[in-house]
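Worksheet: the structure to be examined is printed underneath.
Computed from a prediction, not measured in an experiment: that's the story for all the values here.
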Amino acid sequence: LILSYYLNSLPIIFVQILPLASLVAVIYSLGNLQRYNEITAMHSCGIGLFKIIRPYLITGIFLGFITYILNEKVNPYAFRITYNLKENFEKNKKGPIENVTLYGKDNRIIYARRYDSEKKILYDLVILEHDRNQVLNTKITARLATWQGKSWRLYGIVVYNLDPEGNLLGSPKYLEDGEIELTETPLDIIQQDIIVEAMSIAQLRNYIEKFKYTSDKIVRRFFVKLYQKIATPFYVLIFILIGLPFGLIQREISKFLCLGVAFSIGLLFYGLNTVVLGMATLGIIPSFISSWTVPVIFAIFSAILLKRSPH
């Protein structure tokens with residue numbers, strides 16, 4: 001079980017460590033050229049700075065393409081396998097589950113902000129009902145839903161009838177409580193919880209399209225994940241750009257100090273990126289901008305350092 005878990009985790013780990021590994025590799029490679037005067041020799045032969053760093057940039061683009069392929073074709077399945085292995089190992093999982101989302105039977109999409117697996121209660125429930133053509137026609141919200149043994153009982157129910165464009169037809173219907181035909185049991189909710197990390201970009205786009213009538217908060221969180229998936233393949237190139245100026249100044253400062261600064265910048269990148277993505281999830285800044293803010297800032301910072309390089 002452990003062997004299977006870590007073998008399936010390898011492509012995920014590879015993508016996670018590749019940017020920082022590329023940063024270290026650039027500093028060592030370019031730093032050695034600088035230390036042994038190879039770059040000076042290149043300059044004396046008329047080779048400019050761009051030609052010297054061009055192989056690193058091409059490598060960054062290539063590794064970014066590899067990252068994209070892994071994230072789209074391999075990692076969604078690998079993540080699902082590792083997730084299922086862990087869930088099967090923890091069969092008696094208890095405690096609340098946040099943001100439960102699943103495709104129900106009869107063309108239903110079910111979302112709950114939280115599910116208490118011990119008490120079998122769904123909080124802030126949203127049910128989207130579609131016709132055979134996958135056109136949304138009914139939206140049901142409930143303050144909470146409790147499992148009665150064979151069915152779910154909903155409390156604080158609001159029913160919205162919608163036209164094909166998603167506009168409200170008539171007035172919403174309010175009910176204090178009532179039972180609804182949901183064939184999904186508590187076990188189904190735990191097992192069918194959809195993991196955003198186990199989706200490709202195309203799958204996540206379709207997922208967002210189906211959930212666009214739930215709430216802005218839900219859709220915004222999915223959009224942040226979507227744009228983050230799009231930006232992730234570019235991280236390798238950004239980290240290589242960051243490493244270029246530090247490799248070129250290895251003669252002026254020690255190798256270990258340069259590596260320490262580079263590692264600090266790498267950690268700063270991920271720390272700031274996490275903060276910015278969190279702000280986007282809260283709606284403070286647009287989702288699209290959040291995914292590119294930190295990479296663009298670091299790319300500009302790297303370009304400024306390269307321009308000020310002695311070379």
Note, Val24 side chain near Phe263 side chain (heavy atom, < 4.5 Å) = yes

Quick one: hydrophobic cluster around Ile58, which other residues, with the 4.5 Å side-chain cut-off, linked directly or via members?
-> none

Ring pair (Phe, Tyr, Trp, His ring centres under 6.0 Å), paired with Phe239, selected from Phe298, Tyr270, Phe246, Phe234 | Tyr270

Enclosure of Tyr155 OH (heavy-atom neighbours >12, cutoff 6.0 Å) = yes

Are the side chain of Asp163 and the backbone of Asn167 linked by a donor-acceptor contact shorter than 3.5 Å?
-> yes

Heavy-atom count around Lys225 NZ within 6.0 Å, excluding the residue itself: above 12?
-> no

State whether the side chain of Ser264 and the backbone N or O of Gly260 hold a donor-acceptor pair below 3.5 Å, judged by distance alone.
-> yes

Given side chains that start at C-beta, do those of Phe62 and Thr59 come closer than 4.5 Å, heavy atoms only?
-> no

Smallest separation among heavy atoms of Gly243 and Ile27, with atom names | O-CG1, 3.8 Å

Could you tell me whether the side chain of Gln203 and the main chain of Ser200 form a donor-acceptor pair under 3.5 Å?
-> yes

Can Tyr235 and Asn273 be counted as having a side-chain donor-acceptor contact under 3.5 angstrom?
-> yes

Please examine the side chains of Ile285 and Val276, heavy atoms only from C-beta on, and report whether any two atoms are closer than 4.5 Å.
-> yes

Any donor-acceptor N/O pair, Asn75 side chain to Ala78 backbone, under 3.5 Å = no

Under 3.5 Å, is there a donor-acceptor pair between the side chain of Ser302 and the main chain of Ala299?
-> no

Show your reasoning for whether side-chain contact (heavy atoms from CB on, under 4.5 Å) applies to Ile140 and Ile157.
-> CA-CA 7 Å; Ile140 302 172; Ile157 307 169; 4.0 Å; yes

Walk me through it: do Leu30 and Ile52 pass the test side-chain contact (heavy atoms from CB on, under 4.5 Å)?
-> CA-CA 9 Å; Leu30 199 55; Ile52 295 174; 4.3 Å; yes

Got a donor-acceptor contact below 3.5 angstrom from the Ser4 side chain to the Leu1 backbone?
-> no

Going from CG on Leu305 to CG on Leu248, what distance comes out if it is rounded to the nearest 0.5 angstrom?
-> 10.0 Å

Please walk me through it: do Val294 and Phe269 pass side-chain contact (heavy atoms from CB on, under 4.5 Å)?
-> CA-CA 7 Å; Val294 176; Phe269 177 94; 3.6 Å; yes

Looking only at atom types and distance, does a side-chain atom of Ser29 sit under 3.5 Å from a main-chain N or O of Val26, one as donor and one as acceptor?
-> no

All heavy atoms of Leu277 vs all of Ser290, minimum pair found to be CD2-OG, 3.8 Å

Minimum side-chain heavy-atom gap Leu168-Asn161 below 4.5 Å = no

Would you find a donor on one side and an acceptor on the other, under 3.5 Å apart, between the side chain of Glu38 and the backbone of Asn32?
-> no

Phe288 ring center within less than 6.0 Å of Phe223 ring center = no

Check: Val159 and Tyr174 side chains under 4.5 Å, non-hydrogen atoms = no

Among all residues two or more places apart in sequence or in another chain, which pass the side-chain hydrogen bond (donor to acceptor under 3.5 Å, both in side chains) test with Thr138?
-> none

Are the side chain of Arg153 and the backbone of Thr146 linked by a donor-acceptor contact shorter than 3.5 Å?
-> no

